[in-house]
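The block underneath contains the structure these notes are about, expressed in C-alpha cells.
What's counted below: heavy atoms across the whole structure, side chains too, no hydrogens, waters or symmetry copies. Bear in mind that the values here come from a model prediction, so they are computed numbers and not experimental data.
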Amino acid sequence: MITKVFKSSLVFSILLFFTTQYVFSQNEGWEITATDSQNYTGIVAANGRIGILPSSKIFETNRIILNNVYDKESPLGVSKILLGMNFGNLDIYINEEKLDNTNITNWKQTINMKEAKFTTSFTFKNNAQISYSIYALRNVPFAGYIDIEVKALTDIAIEVVGKIQTPQEYKNPISTFRILKDLETTMPILQTVAKSRFNRHTVATSATFIWHDINSTRENQRPELVHKKVSIYNNQLSFKKSIKAEENYQFAWTASQCTTQDFYDPQTESERFVIFNLLTPRDDLLFQHKQLWKDLWKGDIIVEGDIQSQLDIRLALYHLYAFSRADSNLSIAPMGLSSQGYNGHIFWDTELWMYPPLLILNQDIARSLVNYRSDRLHIAKKKAINFGYKGAMFPWESDDTGEEATPAWALTGTFEHHITADVGIAFWNYYRVTKNKKWLQERGYPLLKEVADYWVSRATLNKDGSYSIKNVVGANEFAPNVDDNAFTNGSAITCLRYATLAAKELNIKPNEIWNKVADKITIHRFEDGTTKEHSNYQGDRIKQADVNLLAYPLDIINDKETILKDLAYYEPKLAKEGPAMAQSVFAIIYARLGDVDNAFRLFKRSYEPNKRPPFGALAEAATSNNPYFATGAGGMLQTVLFGFAGLHITEEGIVQKNPILPKGWKKLTITGVGPNKKTFAIE
C-alpha cells in the first residue's frame with residue numbers, strides 16, 4: 001500500500017527536488033538521495049558504539065565518534081567524548097590522477113535507512129563508474145566497513161590508499177604494519193595505538209583491505225600491499241591493480257577501534273575484529289548486519305498518503321536506533337554519535353524525549369537506557385549526601401562515571417534538579433510497559449526508593465502545611481534559581497507517587513511521607529487559573545516548554561480548561577532559538593484534545609525549520625546548525641505516537657485513546673508496540 005502511495009507522489013517529489021535539494025527514492029519511504037552537495041550536512045552511520053559521519057567529498061569521512069569514551073576537554077575542564085581515529089578516508093587514483101569532487105560527475109549519495117547503509121556513487125570522466133557504501137556494523141559493533149565497487153569503462157590502472165589518521169590531540173601514537181600468519185592464512189594489519197589527549201585511555205585502531213573474489217589465504221593472488229607512514233599521525237596502506245574495460249572490481253576497507261573503556265587489551269581486540277571481518281565472507285557479514293536492522297525495524301511507524309512526513313519520521317527513528325543498542329547499558333547524548341556536541345554527556349534529553357518512543361517500539365533498548373542510570377545509582381547517592389540531601393541525586397550532565405559532568409560555570413549543573421525525577425519516571429514507565437517484576441525488584445524499585453527519599457529531603461515545609469522546592473533551574477533554563485518551578489515540582493510529585501506504586505507492586509510497605517509530600521507540593525497559578533511557571537514568574541520569554549509538561553507527559557493538569565489556558569499563554573512565549581522539542585509538547589497536547597489542525601501545525605514546526613540539506617538532518621533549533629539533534633527526533637516521534645496514534649502508557653500497559661489523523665494522512669500504522677509487538681492502525 002505504501003508503495004502505491006509513493007508512486008502517486010513521485011512526480012511531486014521530483015518537482016520538489018528543484019527547490020529543496022531532496023530526491024526521494026522509490027524504495028517504500030526508506031531512502032533519501034542527494035544530488036547536490038551544497039550546504040551539506042551528512043547522515044551518520046552508527047551502531048550504538050561508533051558513529052561514522054560521511055562527507056560530501058568523495059572517499060572522505062568527517063569524523064568518528066566513540067560512545068561512552070571520555071577524557072578531559074582541557075586541563076581544568078570537564079569530560080568530553082573522544083574524537084576517534086579516522087579510518088574512513090581513502091585516496092583513489094585512476095591512471096595516476098587522484099579522484100576528487102572537481103573531476104567527477106553524477107555525484108549522488110543515498111541513506112538507506114532500512115539497511116543502515118550510506119552509499120556514494122559517481123562517474124570519473126569516461127573511465128569508470130564508482131560506488132561505495134559505509135556501514136557501522138551492527139553485528140561487529142566496534143567496527144566499520146566500506147564496501148567499494150569500481151566498474152571500468154575503459155582499461156584503467158587503479159591505486160587505492162587506506163589510512164588511519166589520528167587527531168593531533170592524541171599522545172605518542174605508535175603506527176605500524178604487520179602481516180600476521182596462522183598456517184597458510186595471512187592477515188595484513190595496519191594499526192595505530194595512542195593515548196587519548198590527557199592519557200586517560202589507550203585507543204587502538206586496526207584496518208585492512210578485503211578482496212571478495214579471492215580466498216584470503218592465497219596470498220599470491222592478492223595485490224601487493226605497500227605500507228607508508230607519512231607520520232605517526234597518518235598511517236597508510238595501499239595497493240595497485242589493473243582493471244579491464246567492463247570489469248567490475250570489488251573490494252572493501254574495514255577497521256576496528258577499541259579503547260580501554262571497553263577492553264583490557266584494546267590493541268589485540270581491534271586486530272581480532274578486523275581479522276573476523278577479513279575472513280568472514282562479505283555476504284555473510286553484511287547479511288548479519290542487515291538482519292539486526294531488520295529486527296530493529298519491527299518497531300516502525302508507517303504513514304500512508306504523505307511521503308515527506310514518512311521520510312522525516314523514519315529518519316528520526318533511524319537515528320534513535322543508530323545511536324543506541326540493547327546490549328550496552330548505555331544511554332544517548334543529545335547529538336547521539338554524530339558529534340562531540342554537549343561533550344557527549346547524557347541529559348534529561350534521554351529520559352524525557354528519546355526514551356519514550358524507544359520504550360514503545362523496543363523495550364530491549366529502553367532497558368539499556370534505564371540500566372545506564374541504575375549502574376550509576378551509587379554515585380548519585382554520594383552526590384545527594386555531598387549536597388546535604390538524602391536518597392539519590394542524579395547529575396544534570398552525566399558521563400561514564402555518573403558524577404556531575406556539567407561545566408562548573410553552568411548553573412544547570414548545580415541547580416537543575418528535575419533530572420532526578422525524570423530518571424525515576426522513566427523507571428516506573430519501563431515497568432508499566434514490560435511488567436518485568438524481576439527487573440523492578442533488582443533495579444527499578446531500589447532506584448525509585450532513593451529518588452523518592454531525595455525529593456522528601458529536597459522539599460521545604462511551609463507554614464501553611466504545603467511544600468516548596470526552592471532554588472532550582474527548571475526546564476525553562478532562562479529562569480535560574482527560582483522557587484517552585486512548575487515542571488520541577490510536577491515531576492517530583494509524579495516520581496513520589498510512582499515510588500509508592502512500585503513498593504505496593506512488590507508487596508513492600510511504602511514510606512507514608514512520599515504521598516504526603518506529593519499531595520502538598522505547591523503548583524502556583526495566576527488569578528485567572530493559568531499555571532504559573534514559578535513563584536515569581538511575570539510572563540517572560542521561555543526557552544522551552546515547562547508548565548505545559550504538567551499536561552503531557554505528567555498528566556498532573558488534566559482539566560481541559562486549564563490545559564487550553566496554559567497552551568494559549570505559553571506558546572507565544574517560546575523563544576525562536578529554543579530547542580526543537582518544545583513545539584512537540586504543544587502538538588501532543590493539542591492532538592490529545594482532538595485539535596488536529598493545531599497539532600499538525602506544531603508537529604511540522606517542531607522540526608521542519610531545523611532540517612538541514614541535503615538529507616534533512618535536524619539541528620537543535622531553527623537558528624542553529626549543530627545536527628544531529630536526537631532530542632528533537634524524540635520529540636517529533638512522540639507527537640506521532642502519543643498524539644496522532646493516541647498511545648498512552650498506563651498501569652495497564654500501552655493503551656490507545658482517541659487517535660486522530662492529520663489531513664492528507666490516509667493511514668497511520670505503528671508496528672512492534674510493547675512486549676507483545678502489537679500493531680495499531682488508524683485510518
Side-chain angles (χ1 to χ4, degrees), residues 44-51 65 67-68 113-116 136-142 262 288-301 313-338 344 346-376 398 422-423 425-436 439-440 443-444 447 628 630-631 633-638 640-642 647 649 653-654 670-678:
V44 69
N47 60 19
R49 287 289 186 179
I50 62 173
I65 299 294
N67 197 4
N68 198 49
M113 295 175 280
K114 181 184 285 186
E115 298 181 351
L137 292 173
R138 194 85 188 182
N139 47 324
V140 191
F142 293 92
D262 302 293
Q288 293 165 2
H289 165 85
K290 293 170 186 177
Q291 281 297 113
L292 290 172
W293 272 94
K294 184 178 179 181
D295 290 342
L296 287 173
W297 286 114
K298 289 177 181 176
D300 193 14
I301 300 171
I313 290 165
R314 280 250 174 80
L315 189 61
L317 188 51
Y318 161 81
H319 278 93
L320 293 195
Y321 285 154
F323 294 156
S324 60
R325 55 188 305 119
D327 53 16
S328 68
N329 282 358
L330 296 180
S331 195
I332 310 175
M335 303 302 172
L337 295 175
S338 66
I346 308 302
F347 296 70
W348 77 316
D349 299 54
T350 305
E351 280 77 19
L352 208 78
W353 302 105
M354 294 180 262
Y355 170 77
L358 290 168
L359 179 58
I360 294 291
L361 298 172
N362 193 304
Q363 293 75 53
D364 291 338
I365 290 177
R367 184 174 61 253
S368 175
L369 303 186
V370 288
N371 285 355
Y372 168 85
R373 295 294 189 181
S374 66
D375 284 347
R376 291 156 179 78
S398 178
D422 303 333
V423 171
I425 292 166
F427 268 60
W428 182 242
N429 280 337
Y430 178 78
Y431 178 73
R432 290 207 287 181
V433 169
T434 65
K435 301 300 181 184
N436 185 338
W439 177 89
L440 181 66
R443 287 185 181 261
L447 183 140
Y628 185 88
T631 314
M636 65 98 83
L637 291 171
Q638 286 192 55
V640 180
L641 294 168
F642 300 107
L647 301 184
I649 297 174
I654 300 167
I670 316 295
T671 63
V673 174
N676 297 323
K677 307 301 178 188
K678 294 181 179 178

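Remark: Lys678 NZ is loosely packed, at most 12 non-hydrogen atoms of other residues, nucleotides or ligands lying under 6.0 Å away.
The closest side-chain heavy-atom distance from Asp300 to Arg314 is below 4.5 Å. Between Val370 and Leu447, every side-chain heavy-atom pair lies at or beyond the 4.5 Å cut-off. A heavy-atom distance below 4.5 Å is not found between the side chains of Trp353 and Pro334. Side-chain contact check for Gln363 versus Val433: some heavy-atom pair is nearer than 4.5 Å. No side-chain heavy atom of Asn47 sits less than 4.5 Å from a side-chain heavy atom of Asn139. The shortest side-chain heavy-atom distance between Leu358 and Tyr321 falls under the 4.5 Å cut-off.
Taking each heavy atom of Ile301 and Leu641 in turn, the nearest pair found is CD1-CD2, 3.9 Å. Nearest heavy atoms, Phe323 versus Val44: CE2-CG1, 3.4 Å. The minimum heavy-atom distance between Asn329 and Arg443, with the atom names listed, is ND2-NH2, 3.8 Å. In terms of heavy-atom proximity, Leu352 sits nearest to Gln638 at O-NE2, 2.9 Å. Between Tyr355 and Ala426, the closest heavy-atom pair is OH-O, 2.8 Å. Scanning all heavy atoms of the two residues, the minimum distance from Ser338 to Ile65 falls at C-CG1, 4.1 Å.
We find the CG-CG distance between Asn67 and Leu330 to be 5.0 Å, quoted to the nearest 0.5 Å. Considering CG of Leu315 and CG of Leu317, their distance stands at 10.0 Å, rounded to 0.5 Å. Note that the CG atom of Leu137 and the CD atom of Gln288 stand 9.5 Å from one another [nearest 0.5 Å].
Annotation: salt bridge (charged side-chain N to carboxylate O under 4.0 Å, His left out) contacts involving residues 353-365, sequence neighbours excluded, comprise Asp364-Arg367.
With sequence neighbours excluded, the residues forming a salt bridge (Lys or Arg N to Asp or Glu O under 4.0 Å) with Arg49 are Asp262, listed by chain and number. Residues passing the salt bridge (Lys or Arg N to Asp or Glu O under 4.0 Å) test with Arg376, sequence neighbours excluded: none. Remark: Tyr431 engages Trp428 in a ring-ring contact (aromatic ring centres under 6.0 Å, His included) (not counting sequence neighbours). In terms of the side-chain hydrogen bond (donor to acceptor under 3.5 Å, both in side chains) criterion, residue partners of Ser328 (sequence neighbours excluded) are, by chain and number, Ser368.
In the model, Tyr372 has a side-chain atom that pairs as donor or acceptor with a side-chain atom of Ser398 under 3.5 Å.
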Chi angles and distances behind the side chain to side chain contact (heavy atoms under 4.5 Å, CB included) call for Asp422, Thr350: CA-CA 9 Å; Asp422 303 333; Thr350 305; over 6 Å; no

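The aromatic rings of His319 and Tyr628 sit parallel to each other, their planes meeting at less than 30°, with 60° as the upper class boundary.
Checking side-chain atoms of His289 against main-chain N and O of Glu115 turns up a donor-acceptor pair under 3.5 Å.
For the side chain to side chain contact (heavy atoms under 4.5 Å, CB included) test with Met354, the passing option among Ile332, Leu637, Leu369, Ile365 is Ile332; the others fail.
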Identify all side-chain donor-acceptor contacts of residues 290-297 below 3.5 Å with residues at least two apart in sequence or on another chain.
from: Asp295; atom 1: OD1; to: Lys298; atom 2: NZ; distance (Å): 3.4
from: Trp297; atom 1: NE1; to: Met113; atom 2: O; distance (Å): 3.0

